[in-house]
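Read through the structure below, which is laid out as structure tokens, and then see the notes.
Naming convention: chains lettered A, B, ... in sequence-line order (proteins, then strands); numbering from 1 in each chain. Below, each value reflects all heavy atoms present in this structure, side chains not excepted, and no hydrogens, waters or symmetry copies.
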2 protein chains.
Amino acid sequence: MKIDPNSSANLSAQIAKAIRDSIVSGDLIIDERLPSEAELADYFQVSRPTVREALKRLAAQSLIRTQRGATGGAFVNRLSFKEAYADQVTTSTLLLSMNEVSFDTACEARYALERACAPLSAKRRTADQLATMRTEIFRQSQPSLTDEAYCASDVAFHRALVDGADNPVLSYQLAGAVEAMQPLMNMITFTTRSRGIMVCLHSSIADAIENGDGAEAIDCLHNLEAETRKIAADVFAARAASK
Amino acid sequence: MKIDPNSSANLSAQIAKAIRDSIVSGDLIIDERLPSEAELADYFQVSRPTVREALKRLAAQSLIRTQRGATGGAFVNRLSFKEAYADQVTTSTLLLSMNEVSFDTACEARYALERACAPLSAKRRTADQLATMRTEIFRQSQPSLTDEAYCASDVAFHRALVDGADNPVLSYQLAGAVEAMQPLMNMITFTTRSRGIMVCLHSSIADAIENGDGAEAIDCLHNLEAETRKIAADVFAARAASK
DNA sequence: GACTTTTAAATGTCAGACAATAAAAACATT
DNA sequence: AATGTTTTTATTGTCTGACATTTAAAAGTC
């Protein structure tokens, strides 16, 4: 089933890798129960704490779940898209903050990916998703909204657009690009005027989606990207000048 | 710095969360050393094995690295894009295999995302990346190639296309979509004729990229998607009929 | 037969110890 | 004094053995 040479490095990492490989390769099926910690320890010829460290590594990646009690143990976890979103967002956020990705780079990626979804969303969006888009646009038009709440609404709008493509793979891949940008977006203060322009652009996107016009939606997203980058550039320039 | 209520659930998970939050929020800086395991155990009022389980959870997510020796310890890890690729691919692969995502759904997502990269790649690709694309096309034209090697070459070609956009965020997000499809692609046997068509389409994509014609590249990718789905549909139909 | 209690198996946690490692400190040599 | 060698020390890695907690199934009771 899986082996473990007693050479050089971290036993718990090796054991985790062996089990992970078994899961990825399909040797271990979903919901299948792994041997108990004592049995694994015996099998790999290590102590129980070492096995436990290995299992915790796998648990951190949502590959297994553990259950206490008589019929408990470690079970291969079904990795759901919904669960994976959270990790994806966390990882993407850290990647952006730790690697000094510029606003422009992140922005470019985000809108490029959204444009990939737009034609599909124009074809398949549900009435509900369209309604969400309209609701968020209305919210964004309220002047009382704080910058943070405005950004959150922006994410919700784009999330609805992406989900409208009705493709879980796309939604998953995009979760990182869209939501991870929120900290960057939060660095920007929106003036009444810039908000007005963006609400207008959002409306035109929603219109295009409603009319099933994918090409038009792509055009609007191009405009929105240009506007967003322009606003950001202005904010950064003003901030630099005031120093 | 971080707290830990002694209520209900998994201490190691709680401790891992507390430390993870400190990293994500920026309280802990890159390369900063965490307190030693003994100090953490004392701080959280738990035993060292429990602290270690928590640290292993974080290590599994590449959030920390550990070092033995006098000046050793756990250090906040810089999460590089390159490191994150591997996890992204593993997770995406599992998501596809565990959630019975159809070939069409995965294929649609993949090509939609690639089309998002195409215009940028047409503008920015290096000579080296273009050469890689040509090399892989040539390799794909060799009839002796096994189906698996052909698929691997296909991934390499598309990887070069995506990397040509010169946007690490895009490359990262796409790694999952492109590479995770390989197991699905491996289910398909390519006839000499279908390979010929695909090589032809790949060439036209490379031409468009070379000429800086993003719109043309997008058109070609549309054709390639249609062809890929057609081949897959034929293979699946034939397989179903032979049963 | 239905409800309650006991039992057993498993994970969760703890305490204390020793091994392995790697850097710094102390020492010896030239 | 500079350099090379040995010792010390701090830290992670691992082991052993124990107890606590949880949960389901088995045994017992009404």
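Put simply, CD on B:Glu37 is 10 Å from P on D:dT11, counting in whole angstrom units. With rounding to whole Å, A:Phe44 atom CZ is found 16 Å from D:dT14 atom C1'. A:Asn10 places its CG atom 14 Å from the C1' atom of C:dA19, with the value rounded to the nearest Å. Atom P of nucleotide C:dC14 and atom CG of B:Asp42 are separated by 12 Å, given to the nearest angstrom. Summarising the geometry, the separation between CG on A:Leu11 and C1' on D:dT16 is reported as 16 Å, rounded to the nearest angstrom. The interatomic distance linking B:Gln45 (CD) with C:dC14 (C1') rounds to 13 Å, in whole Å. Straight-line distance from the CD atom of A:Glu53 to the C1' atom of D:dG13: 8 Å, rounded to whole Å. Atom CZ of A:Arg33 is separated from atom P of D:dT23 by 15 Å (rounded to the nearest Å).
Summary of the strand contacts: A:Leu55 and A:Pro49 both lie near DNA chain C, and taking for each the nucleotide with the nearest heavy atom, the more 5' one is attributed to A:Leu55. Map A:Ser47 and A:Ala70 each onto its nearest nucleotide of DNA chain D; the residue landing nearer the 5' end is A:Ser47.
For A:Thr66, a side-chain nitrogen or oxygen approaches OP1 or OP2 of C:dG12 to under 4.0 Å.
Heavy atoms only, all atoms of each residue included: A:Met187 and A:Val235 are closest at O-CG1, 4.4 Å. Nearest heavy-atom pair across B:Ala60 and A:Arg57 is CB-O, 3.4 Å.
Distance from the side chain of A:Thr50 is smallest to D:dT14 among D:dT14, C:dG12, C:dA22. Across D:dC15, D:dT23, C:dA17, the shortest atom-to-atom separation from the side chain of B:Arg48 is found for C:dA17. In this structure, of D:dC15, C:dT13, C:dA10, it is C:dA10 that holds the atom nearest to the side chain of A:Ser36. Of the candidates D:dG13, C:dG12, D:dT16, the closest approach to any side-chain atom of B:Arg68 belongs to D:dG13. When the nucleotides D:dT14, D:dC15, D:dT12 are ranked by their closest atom to the side chain of A:Val46, D:dC15 comes out on top.
Using a 4.0 Å heavy-atom distance criterion, B:Arg65 is classed as making no nucleic acid contact.
Relative ring orientation between B:Tyr172 and B:Tyr85 is described as parallel, the plane-to-plane angle staying below 30° on a 0-90° scale split at 30° and 60°.
For the residue pair B:Thr189 / B:Asp147, no side-chain donor-acceptor distance below 3.5 Å is found, with atom types taken as modelled.
If you take OG1 on B:Thr66 and CG on B:Leu58, they are separated by 11.0 Å, rounding to the nearest 0.5 Å.
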